[in-house]
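Accompanying notes for the structure given below.
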Amino acid sequence: MKSVRGKRALVTGAASGIGREIALALALEGAHVYLLDVDETALAEVVRDAQVCGVEALGARCDLSQPEEVTVALKEVLAAWDGIDILVNNAGVAYYGPTEKMTAAQWDWLLGINLLAPIQITRELLPTLLTRPEAHILNVCSIAGLVAGARTTAYHVSKFGLVGFTDALRAEFGRRGIGVTALCPGAVRTNLYRSAISGKKRRAVVPDPPAWLSTTPERVAVAALRAIEKNQRFVLLTPLAHLLYNAKRFVPGLLDWMHQLGRRKARPVLENADVLRPFETGAQPSEPATSIRRAA
């Protein structure tokens with residue numbers, strides 16, 4: 001795509017953070033924007049800011065965890081415009097804590113927003129994207145879609161899935177004129193961490209990563225705009241993201257070793273040493289098998 005000027009872009013999760021900055025960066029370059037978010041108040045402010053750029057800017061509330069709402073919102077987008085040139089799947093949520101403490105509803109909510117909604121939106125907009133002379137899909141994936149860490153399993157699952165979905169789209173639709181980008185920033189100074197659900201009883205709020213390890217939403221937006229115009233396949237942001245990605249590629253054993261540090265070696269502990277003796281003589285145990293337990 002030589003220029004975004006005059007193009008029509010749909011951005012999800014546009015009320016704050018990365019989505020807000022991508023929406024405004026597109027508007028500043030002359031692209032018309034249609035913005036979706038669940039936060040109506042903050043979204044209205046972004047729409048007004050985009051309109052100041054002299055472009056058409058529209059917004060609508062949409063809960064991406066509800067497929068019916070997504071379909072209705074997309075029908076409204078296509079009713080307002082005759083097509084979409086740029087799709088930015090940005091909205092995302094997180095969970096931090098022990099995976100075994102996640103409920104089924106929390107899994108459904110996170111995967112619905114982070115992975116299933118981008119798939120649904122892309123699927124429903126593909127017919128119109130294929131009719132545009134230049135079209136681009138940008139998926140905000142994260143380094144979490146390339147390298148895994150502890151206590152954010154569901155988030156990693158969603159982002160690994162989004163990276164794979166992006167790769168598959170590019171492989172299939174690149175020859176049909178649609179550009180596709182996986183944007184994978186490291187830690188970004190947004191409210192993702194503060195708004196994340198925490199599964200730890202002692203920590204109601206998930207702490208932000210150190211500022212010196214993070215980048216800004218504005219820098220991510222600049223990279224996103226460049227990726228759209230140059231049809232970049234894959235974009236990494238922040239030195240830490242580059243370090244982790246290359247460590248995973250070239251020395252995966254190192255990362256695995258780090259994850260295994262402090263591993264507990266559980267060994268069977270006998271509450272009563274006599275419990276095993278009946279097995280040795282072929283007799284039946286005098287106590288139930290639950291008398292043998294594993295160390296915590």
Side-chain angles (χ1 to χ4, degrees), residues 8-28 31-53 55-77 80-81 84 86-96 105-106 108-122 124-125 138-142 144 154-155 158-159 162 183 185 187-198 204-209 214-221 224:
R8 300 185 183 278
L10 174 66
V11 183
T12 68
S16 63
I18 294 173
R20 177 184 187 276
E21 297 306 323
I22 290 178
L24 295 179
L26 288 166
L28 281 169
H32 308 294
V33 292
Y34 202 116
L35 312 179
L36 300 180
D37 202 286
V38 72
D39 186 343
E40 288 184 277
T41 302
L43 183 64
E45 294 180 5
V46 182
V47 169
R48 287 193 294 270
D49 290 343
Q51 290 171 341
V52 172
C53 301
V55 300
E56 184 179 5
L58 303 170
R61 182 191 182 281
C62 181
D63 183 350
L64 297 186
S65 69
Q66 304 300 316
E68 299 81 7
E69 285 194 32
V70 173
T71 295
V72 170
L74 296 181
K75 287 181 178 179
E76 292 176 352
V77 171
W81 291 344
I84 294 293
I86 301 168
L87 169 60
V88 179
N89 286 308
N90 162 76
V93 293
Y95 174 97
Y96 179 85
Q106 288 170 336
D108 291 343
W109 168 76
L110 189 149
L111 293 177
I113 294 172
N114 291 9
L115 180 59
L116 299 183
I119 292 173
Q120 179 184 356
I121 293 169
T122 303
E124 295 189 17
L125 290 182
L138 183 137
N139 292 328
V140 181
C141 298
S142 167
Y155 187 73
S158 68
K159 292 302 182 178
L162 192 57
L183 182 63
V188 184
R189 295 171 209 148
T190 68
N191 62 1
L192 175 69
Y193 306 97
R194 292 186 295 274
S195 62
I197 294 177
S198 176
V205 178
V206 179
D208 287 328
S214 308
T215 189
T216 64
E218 292 84 358
R219 187 185 170 203
V220 177

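Predicted model, so just to flag it, every value in this text is computed and none were measured. Residue numbers run from 1 in the order of the sequence given.
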Query - Heavy-atom side-chain proximity of I86 to L138 below 4.5 angstrom - result: no
Report task. Please check if the side chain of N114 supplies one atom and the backbone of V93 the other of a donor-acceptor pair under 3.5 Å. Result -> yes
Query raised in the report: Just by distance, do the side chain of S65 and the backbone of I113 share a donor-acceptor pair under 3.5 Å?
Result: no
Query raised in the report: Taking all atoms of both residues into account, what is the closest heavy-atom pair of G19 and V11, and its distance?
Result: O-CG1, 3.8 Å
Query raised in the report: Do the non-hydrogen side-chain atoms of E124 and T71 ever get within less than 4.5 Å of each other?
Result: yes
Query raised in the report: If you look at every heavy atom in A14 and L35, which pair is closest and at what distance?
Result: CB-CB, 3.6 Å
Requested in this report: Would you check if the side chain of Q120 reaches a backbone N or O of P67 as a donor-acceptor pair within less than 3.5 Å?
Outcome: yes
Query raised in the report: Is there a side-chain contact between L183 and V88 (heavy atoms, below 4.5 Å)?
Result: no
Query raised in the report: If we only count heavy atoms from C-beta on, is the E76 to V72 side-chain gap below 4.5 Å?
Result: yes
Report summary line: Heavy atoms of L58 and A80 approach each other most closely as CD1-CB, 4.1 Å
Requested in this report: Would you mind reporting whether S16 and D39 have side-chain heavy atoms less than 4.5 Å apart?
Outcome: no
Query - E69 side chain vs D63 backbone, donor-acceptor pair below 3.5 Å - result: yes
Query - Point-to-point distance, once rounded to the nearest 0.5 Å, from CG of L64 to OG1 of T12 - result: 5.5 Å
Report summary line: Taken to the nearest 0.5 Å, the spacing of N89 CG from C141 SG works out to 9.0 Å
Report task. Could you walk me through whether L10 and W81 pass side-chain contact (heavy atoms from CB on, under 4.5 Å), step by step? Result -> CA-CA 11 Å; L10 174 66; W81 291 344; 5.9 Å; no
Report summary line: Shortest non-hydrogen pair, A57 vs V47, comes out as O-CG1, 3.5 Å
Query raised in the report: Okay, side chain of S158, backbone of Y155: is any donor-acceptor separation there less than 3.5 Å?
Result: yes
Query - Minimum side-chain heavy-atom gap R61-D37 below 4.5 Å - result: no
Report task. Please report the shortest heavy-atom distance between A15 and L43, naming the atom on each side. Result -> CB-N, 3.7 Å
Query raised in the report: Mind checking whether I121 and L74 have side chains closer than 4.5 Å, heavy atoms only?
Result: yes
Query raised in the report: How long is the gap from CZ on R219 to CD1 on I18, to the nearest 0.5 Å?
Result: 12.0 Å
Query - Distance (rounded to the nearest 0.5 Å) between I119 CD1 and L162 CG - result: 8.0 Å
**Report entry** 4.5 Å side-chain heavy-atom contact, R20 and E45
**Finding:** no
Requested in this report: Quick one: closest heavy-atom pair of A9 and L26, and the distance?
Outcome: CB-CD1, 3.8 Å
Requested in this report: Nearest 0.5 Å please: distance from the CZ atom of R8 over to the NE2 atom of H32.
Outcome: 5.0 Å
